[in-house]
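Written out below as structure tokens is the structure these notes cover.
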Amino acid sequence: MAKRRGWSGPDRRCQCSKRAQFFRMRAKMSRYAPSETEPKWQAAWDEAGVFTAKRDPAREKYYVLEMFPYPSGRIHMGHVRNYTMGDVVARYKMSCGFSVLHPMGWDAFGMPAENAAMEKGGHPKEWTYGNIADMKAQMRPLGFSLDWTREFATCDPEYYGQQQAMFIDMLDAGLVYRKNAVVNWDPVDMTVLANEQVIDGRGWRSGALVERKELTQWFFKISDYAGELLEALDGLKDWPEKVRLMQANWIGQSRGLQFAFDLVGAPEGFDTLEVYTTRPDTLMGASFAGISPDHPLAKALEAANPEIAAFVADCRKGGTTEEAIETAEKLGLDTGIRVKHPLDPNWELPVYIANFILMDYGTGAIFGCPAHDARDFEFATKYALPITPVFEPLEGDYPAAEFVPLKSEKVRYVKGFAGGEVQTGEEGVAAAITECESRGFGQGVTKYRLRDWGLSRQRYWGCPIPVVHCAACGVVPERKENLPVRLPDDVSFDKPGNPLDRHPTWRDCTCPSCGAPAKRETDTMDTFVDSSWYYARFTSPRAETPTVAEEVDYWMNVDQYIGGIEHAILHLLYSRFFARAMAKTGHLPPKAVEPFNALFTQGMVTHEIYMTRDANGRPVYHLPEDIEDGKVKATGETVEIIPSAKMSKSKKNVVDPMNIIADFGADTARWFVMSDSPPERDVEWTAAGAEAANKHLARVWRIATEIAEADAPANPAEDDALIKAAHKAIDEVTRSIDGFAFNKAVAKLYELTNTLSKSKAGAEAKRVAMKLMAQLMGPMVPHLAEDVWRLLGGEGFVVQAPWPKADPALLVEDTVMLPIQINGKKRGEITVPKDMPKDEVEKLVLADEAVVKALAGGQPKKLIVVPGRIVNVVI
RNA sequence: GCGGGCGUGGCGAAAUGGUAGACGCAAGGGACUUAAACUCCCUCGGGUGCAAACCCAUGCCGGUUCGAGUCCGGCCGCCCGCACCA
């Protein structure tokens with residue numbers, strides 16, 4: 001084989017040198033060929049069982065989990081980014097010697113499967129399992145370090161049967177109950193609609209105006225845990241602050257006064273009206289009482305009074321979302337009933353039914369103080385009710401509208417009845433509660449905004465609620481030996497509504513209690529139930545019980561959980577509750593009540609949108625792959641480019657990861673999604689960026705092959721510099737991965753690549769540095785890392801090689817450069833020994849040319865020396 | 001409407017309160033090549049200036065500080081969530 005030094009020698013430059021050189025290069029340096037090597041390494045990892053998690057009490061475990069996907073059928077770049085982040089952590093921890101659990105499964109129940117069945121025919125089961133197979137086939141080429149032996153789908157009867165068993169245990173433990181709650185009702189299709197199926201107050205299919213309707217539904221008693229879920233947030237040190245804040249606000253603890261108004265002129269049985277207020281200090285500014293349209297009093301009035309019935313019916317129009325209710329026009333109706341003011345029996349207030357008062361919060365009744373509440377102000381203005389200020393600002397004028405200062409701000413009470421004249425709102429509230437309690441009406445109470453978790457869904461494709469309705473025994477849980485209560489396969493989706501309801505035989509059963517003929521519950525569970533314990537099931541996915549003690553003891557908790565910020569509240573809060581409910585029913589150890597030790601919320605993958613317009617001026621969207629130089633390839637039309645947005649099918653700004661893998665390989669896709677943007681922020685997919693990522697990996701491979709062939713002798717100064725750079729990279733990449741700053745780890749690897757490329761070090765030093773680089777880049781680009789590792793004689797798999805440790809001696813610099821600022825602006829710099837004492841630095845600074853010039857013979861006012869950092873001369 | 005977050009060159013970004021723009025993309029120039037591709041080298045926030053230098057600049061307005069992209073207050077814009085989308 002020809003030696004490298006012959007390449008550029010003038011003696012070799014014969015007329016056919018180019019051709020010869022080409023063939024020599026082919027022979028010596030195989031090109032970067034991910035399509036060949038990636039499947040090879042994946043097969044090798046599989047064969048060696050590298051990623052099969054093993055319970056090994058001798059080793060410390062590490063559980064990495066990415067939020068499992070809904071099986072839509074196609075993976076998208078968001079998945080690639082999410083799972084690559086998890087993979088980086090999993091492979092890194094594996095190299096650090098942990099026994100790693102990194103599983104994957106499918107959040108497989110839910111509406112899209114039923115919608116597909118309605119639109120295209122077929123069965124939700126076939127659709128779902130087909131999608132799972134497709135998506136798995138798309139995920140495998142990405143080379144994730146997943147333990148596929150633990151895979152399951154939440155629609156597997158083996159999974160939902162265990163969920164039913166836990167439901168029964170939780171029912172026994174008093175964690176589940178039934179009550180009435182409102183749903184979106186489509187009066188034309190005669191069916192319950194999900195919030196997303198209500199568009200501008202109308203049903204998505206029928207177009208009918210949606211109504212709020214009450215149904216009896218199952219609830220988890222999450223509100224029993226409101227205080228605990230709130231307090232425990234403080235212990236979640238490795239969760240993003242914003243998520244903890246959002247959850248705290250969602251739980252919404254408040255301290256207030258609950259008291260009863262005496263009613264005047266109310267129907268029989270309604271002597272008093274219980275209200276809850278967080279501002280009892282404004283009681284003297286009350287101008288009306290308000291009740292929810294769903295309040296029992298409103299219902300009683302509705303039955304007897306057609307005007308009220310019409311108004312209440314009007315209030316029930318529209319969807320159930322808080323957003324819809326909060327943004328709707330404030331409507332009220334004077335019931336003619338009056339309440340007596342508790343501080344003055346001669347003072348009566350009108351009672352209104354108002355559409356913005358929620359039955360689910362507090363007591364469903366309030367008193368309004370328009371002077372100090374924006375919503376009450378709007379309402380009072382509209383209905384010409386009195387507006388009486390209770391307090392004023394200490395300084396400045398009283399505002400034209402309502403005056404709502406922070407509760408921590410001091411104000412002057414002009415109509416207070418408790419505490420000092422000048423006090424904060426908080427002090428005013430506390431004093432008012434004490435005063436009311438001592439006067440014998442009302443008491444201070446702590447309430448939460450958090451409502452109980454309604455889990456009933458009037459749909460087919462979900463986990464059946466395992467209860468039976470018996471004429472004699474009432475609602476009875478199914479016997480555990482009869483679980484799972486399986487979904488029937490023979491169902492049709494040709495009409496709206498729940499197919500379980502109209503199935504000819506499925507409902508029929510015998511009462512588990514008395515044995516008489518009975519009917520099954522046809523509601524299924526909210527899919528949030530499925531996703532509230534899958535992390536625990538991964539520890540023993542095939543067990544005959546929901547969990548197995550020794551497995552959950554070993555593997556729980558999840559050490560690192562990764563997913564989208566959109567799950568900040570509901571999924572994560574429900575999981576925190578469910579873990580507590582599982583602990584109470586003996587399915588999780590007490591240590592697992594907070595199941596996720598660390599949480600990371602990643603940003604979206606976005607892309608530009610390409611749009612043209614049709615003859616009618618309506619927008620037409622185009623796939624990125626159909627665009628070239630700002631024009632539609634097929635027609636040559638110029639496209640309008642809309643700035644980046646979340647990838648969505650309807651806007652066609654999607655990039656199929658499969659195309660990227662086909663063009664460049666999995667490592668390129670992985671490298672790209674880890675580079676540039678910080679993981680918590682959105683990342684924009686660009687074709688140029690993907691090509692650049694690919695070029696970089698090809699360059700690394702080329703440098704590696706050159707190094708493998710190199711025979712340059714040792715060169716002490718250069719060798720030391722290179723090894724020092726490599727150790728600096730170890731330090732920086734390690735800290736970046738630990739800190740979830742993958743973009744910075746990538747930047748450091750670019751730097752090390754540049755250093756390696758330019759280095760004049762000897763062959764041996766270069767091989768050492770390149771092998772270190774293979775290890776450092778392994779978590780991001782595992783296939784290329786294995787290639788490089790093997791090429792340079794590494795033993796075994798790089799993913800199993802111990803993570804390199806930076807030698808602290810190689811990280812320190814002997815001298816530091818200190819910028820010199822004059823009045824905060826950089827005007828020069830000096831280089832000094834690292835440990836130079838302050839007074840010597842000062843001497844050097846005062847002798848500096850720029851400083852001498854600026855001082856013009858005078859003395860500085862101040863001289864600030866931050867050792868090793870900066871110097872500031874204040875003149 | 002309510003709650004939370006984000007905002008830095010042409011673009012993605014970096015920066016324990018301490019040199020604003022590391023690293024990458026795009027662009028421009030050069031080397032290699034018959035040519036191109038590949039690869040390699042150089043320049044690259046804006047402005048004034050022959051130059052040395054200096055000024056402006058982290059969404060906008062103010063404040064704290066020797067020093068603010070970073071901390072505080074107020075605005076503007078965009079994004080996420082709002083309990084039956086997952």
Side-chain angles (χ1 to χ4, degrees), chain A residues 18 67-70 72 107 109-112 181 183-184 192-198 217 222 240-243 245-250 252 319-328 330 356 360 374-375 449-459 526-528 530-531 564-571 573-574 601 603-604 606 643-646 675-678 680-684 686 688-689 691-693 695-696 698-699 702 741 743-744 746-751 754 757 817-829 860-864 866 869-875:
Chain A
K18 238 175 20 190
M67 290 180 186
F68 65 164
Y70 180 79
S72 63
D107 190 12
F109 275 136
M111 288 202 309
V183 293
N184 301 305
V192 177
L193 299 178
N195 285 334
E196 71 160 9
Q197 296 173 319
V198 179
Q217 315 214 50
I222 189 172
E241 184 59 34
K242 61 179 169 183
V243 174
L245 234 186
M246 280 191 260
Q247 291 212 353
N249 288 337
W250 185 261
T320 57
T321 69
E322 197 168 297
E323 187 187 0
I325 292 164
E326 294 276 335
T327 52
K330 310 284 174 282
F356 59 85
D360 291 311
R375 211 164 42 183
R449 201 185 74 101
L450 180 68
R451 309 199 294 256
D452 276 335
W453 171 12
L455 67 119
S456 301
R457 296 293 180 272
Q458 295 72 41
R459 272 183 256 289
D526 178 9
T527 56
F528 274 126
D530 311 337
S531 56
I565 186 69
E566 65 272 22
H567 296 292
I569 297 174
L570 293 180
H571 162 61
L573 190 60
Y574 288 156
T601 55
M604 298 179 298
T606 64
S644 262
K646 180 176 182 167
S675 59
D676 292 347
S677 284
E680 67 275 15
R681 222 186 284 183
D682 293 351
V683 64
E684 183 179 6
T686 61
E691 274 166 37
K695 260 187 216 175
H696 169 75
R699 181 175 183 229
R702 197 169 54 245
N743 56 322
K744 284 190 247 171
V746 166
K748 297 303 170 195
L749 288 167
Y750 268 109
E751 267 178 23
N754 288 337
S757 164
M817 197 276 289
L818 292 180
I820 299 176
Q821 292 183 331
I822 295 172
N823 289 337
K825 296 201 173 190
K826 195 202 163 192
R827 286 293 182 262
E829 58 187 51
K861 273 192 202 151
K862 212 167 175 184
L863 187 55
I864 295 150
V866 185
R869 269 289 173 189
I870 203 163
V871 179
N872 193 7
V873 186
V874 185
I875 295 170

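To find a chain, count down the sequence lines: A is the first, B the second, and so on, and within it residues start at 1. These numbers come from the heavy atoms of this one structure, side chains and all, not from hydrogens, waters or symmetry mates.
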Counterpart residues, salt bridge (Lys or Arg N to Asp or Glu O under 4.0 Å), relative to A:R449 (two or more places apart)
A:E322

Please report the distance separating the P of B:rA51 from the corresponding atom of B:rC40, rounded so that it comes out in whole Å.
33 Å

According to salt bridge (Lys or Arg N to Asp or Glu O under 4.0 Å), who are the partners of A:E323, at least two apart in sequence or on a separate chain?
none

Where RNA chain B forms runs of at least three Watson-Crick or G-U pairs (i with j, i+1 with j-1, under 3.5 Å), the stems are B:1-7 with B:76-82, B:10-12 with B:23-25, B:27-31 with B:39-43, B:45-48 with B:53-56, B:59-63 with B:71-75

Examine B:rG24: is either OP1 or OP2 under 4.0 Å from a nitrogen or oxygen in the side chain of A:S675? Give yes or no.
no

Without decimals, in angstroms, what is the distance between A:R451 CZ and B:rG81 P?
17 Å

Sequence neighbours left out, what passes ring pair (Phe, Tyr, Trp, His ring centres under 6.0 Å) with A:Y70? Give chain and number order.
none

Distance check, P atoms only: B:rC42 and B:rC23, in whole angstrom units.
12 Å

Is the phosphate of B:rA86, meaning OP1 or OP2, less than 4.0 Å from a side-chain N or O of A:T527?
yes

Hey, what are the protein-to-nucleotides 18-22 of chain B N/O distances that come in under 3.5 Å?
from: B:rG18; atom 1: N2; to: A:Q821; atom 2: OE1; distance (Å): 3.4
from: B:rG18; atom 1: N2; to: A:N872; atom 2: ND2; distance (Å): 3.3
from: B:rU19; atom 1: O2; to: A:K826; atom 2: NZ; distance (Å): 3.0
from: B:rA22; atom 1: O2'; to: A:E751; atom 2: OE2; distance (Å): 3.1

Gap in Å between the two P atoms, one belonging to B:rA36 and one to B:rG30, rounded:
11 Å

A:W453 meets the ring pair (Phe, Tyr, Trp, His ring centres under 6.0 Å) criterion, sequence neighbours left out, with A:F220, A:Y574

B:rG9 versus B:rC25 - spacing of their C1' atoms, nearest Å:
13 Å

Shorter than 3.5 Å, N or O on both sides, protein versus nucleotides 74-78 of chain B: list them out with atom names.
none

Any residue meeting salt bridge (Lys or Arg N to Asp or Glu O under 4.0 Å) with A:R459, in chain and number order, not counting sequence neighbours
none

Would you state whether a donor and an acceptor, one from the side chain of A:Q197 and one from the base of B:rC84, lie under 3.5 Å apart?
no

Pair of N/O donor and acceptor under 3.5 Å linking B:rC85 base with A:E566 side chain:
no

Which whole number of Å gives the distance between the P atom of B:rA13 and that of B:rU65?
34 Å

Want to settle it: does A:K242 or A:W453 sit nearer the 5' end of RNA chain B, counting the closest nucleotide to each?
A:K242

What string of B, S and - do you get for nucleotides 38-46 of chain B, 5' to 3', if B is base contact, S is sugar-phosphate-only contact and - is no contact with any protein heavy atom under 4.0 Å?
-SSS-----

Closest-nucleotide ordering on RNA chain B, the 5'-leading residue of A:K862 and A:G454
A:K862

Inter-nucleotide C1' distance (B:rA20, B:rC56), Å rounded:
13 Å

Side-chain-base donor-acceptor pair under 3.5 Å for A:E322 and B:rC82:
no

Run the side-chain contact (heavy atoms from CB on, under 4.5 Å) check on A:R457 and A:D526 step by step: do they pass?
CA-CA 6 Å; A:R457 296 293 180 272; A:D526 178 9; 3.1 Å; yes

Set of residues satisfying salt bridge (Lys or Arg N to Asp or Glu O under 4.0 Å) with respect to A:E691, sequence neighbours excluded
none

Kindly write out the residues that satisfy side chain to side chain contact (heavy atoms under 4.5 Å, CB included) with A:A741, not counting sequence neighbours, or none if the list is empty.
A:S736, A:N743, A:K744

State whether the side chain of A:T527 and the backbone N or O of A:D530 hold a donor-acceptor pair below 3.5 Å, judged by distance alone.
no

Among all residues two or more places apart in sequence or in another chain, which pass the ring pair (Phe, Tyr, Trp, His ring centres under 6.0 Å) test with A:H696?
A:W671, A:Y750

Rounded C1' spacing from B:rA53 to B:rU58 in Å
24 Å

On a whole-Å scale, what distance lies between the C1' atoms belonging to B:rA83 and B:rC78?
25 Å

Does OP1 or OP2 of B:rC84 have a side-chain N or O of A:R457 closer than 4.0 Å?
yes

Between B:rA13 and A:R681, is there an OP1 or OP2 to side-chain N/O distance shorter than 4.0 Å?
yes

With the 90 degree cut-off around zero defining syn, does B:rG9 come out syn or anti?
syn

